[in-house]
Amino acid sequence: KLADGRPVFGFFCGSQTVNWGAVKIGVGTGVALMIGPDYFGTTDVAYGWGPNKPDTYYSSFYNKASISHLPTLVPVAPGFDDLNPLTGGSCWGGPRRYFARLNGVTWLHRFAMIPPGHYLGLLLVTWNDEEEGTGIETGILSGLSTSAFMVAGTVVKWAAVSSQFC
């Protein structure tokens, strides 16, 4: 839900396949559309994805989000690996896409890249698929430790520390 009370409906698809202007007219002003990822056209809410993307993807996304002034879900991913061990390619066909988890360093680095600002929320970029290496349910394997943990009302604050992270 947005601050103005509108529910948000998200769509994970290409922006070229649908006439989003017509969709917005059809649903009226009582609904916020989240179209994407990485779409800043007729959408009401922006979000990024890119679990297998380099730092330049995230920097570009944050710049576009800042310019758009849209409510934004900030993407954070632990890494990515869609290797199909039987073919050596992607589990979905095509070439393998890979971004190393680095024992939790990638996870921390993605958090550290978030520029100061007011965001709608945090988007944990995971399919929860073991075959894509994005699962977080079992934890982020690492040499990480939690340095502090505090709960104040509805806010949870913690810090993860790694000797490998700069």
N84 and L86: which non-hydrogen atoms are nearest, and at how many Å? OD1-N, 2.8 Å
In the structure I gave you, are the side-chain heavy atoms of P75 and Y58 within less than 4.5 Å of one another anywhere? yes
Do any pairs count as a salt bridge (charged side-chain N to carboxylate O under 4.0 Å, His left out) and have a residue in residues 44-66, sequence neighbours left out, and if so which ones? K24-D44, D55-R110
Between V18 and F11, does the side-chain contact (heavy atoms from CB on, under 4.5 Å) criterion hold? Intermediate values first, please. CA-CA 11 Å; V18 176; F11 300 91; over 6 Å; no
Please list, chain by chain and in numerical order, all residues satisfying ring-ring contact (aromatic ring centres under 6.0 Å, His included) with Y47, sequence neighbours excluded. none
Taking a hydrophobic cluster as the set of Ile, Leu, Val, Met, Phe, Trp and Tyr residues connected by side-chain heavy atoms closer than 4.5 Å, whether directly or through intermediates, do L123 and L2 fall within one such cluster? yes
How many angstroms lie between atom CG of D4 and atom OG1 of T29, to the nearest 0.5 angstrom? 9.5 Å
If we only count heavy atoms from C-beta on, is the L70 to Y39 side-chain gap below 4.5 Å? no
Residues at least two apart in sequence or cross-chain that pass side chain to side chain donor-acceptor pair (under 3.5 Å) with Y119, listed by chain then number, are none
Closest approach of G48 and V125, non-hydrogen atoms and distance? O-CG2, 4.3 Å
Are F9 and I35 joined in one hydrophobic group, where the rule is that I, L, V, M, F, W and Y side chains link up if heavy atoms are under 4.5 Å apart? yes
State, yes or no, whether a side-chain contact exists between V45 and L33 at a heavy-atom distance under 4.5 Å. no
Value rounded to 0.5 Å, distance of OH in Y62 from CE in M113: 7.0 Å
Quick one: list whatever passes side chain to side chain donor-acceptor pair (under 3.5 Å) with S90, sequence neighbours left out. D82
Is V76 close to I114 at the side-chain level, that is, under 4.5 Å between some pair of heavy atoms? yes
Please list, chain by chain and in numerical order, all residues satisfying side chain to side chain donor-acceptor pair (under 3.5 Å) with D38, sequence neighbours excluded. Y57
T106 and A100 have their tightest heavy-atom pair at OG1-O, 2.5 Å
Short question: side chain of S68, backbone of A65 - any donor-acceptor pair under 3.5 Å? yes
Quick one: ring-ring contact (aromatic ring centres under 6.0 Å, His included) partners of F40, sequence neighbours excluded? F61
Does some side-chain heavy atom of M34 sit less than 4.5 Å from a side-chain heavy atom of L73? yes
Please lay out, stage by stage, how R97 and D81 fare under the test side-chain contact (heavy atoms from CB on, under 4.5 Å). CA-CA 6 Å; R97 297 170 295 172; D81 188 1; over 6 Å; no
Rounded distance (nearest 0.5 Å) linking atom CG of L108 with atom CG of N103: 11.0 Å
Can you tell me how far the CG atom of L122 sits from the OG1 atom of T72, to the nearest 0.5 Å? 12.5 Å
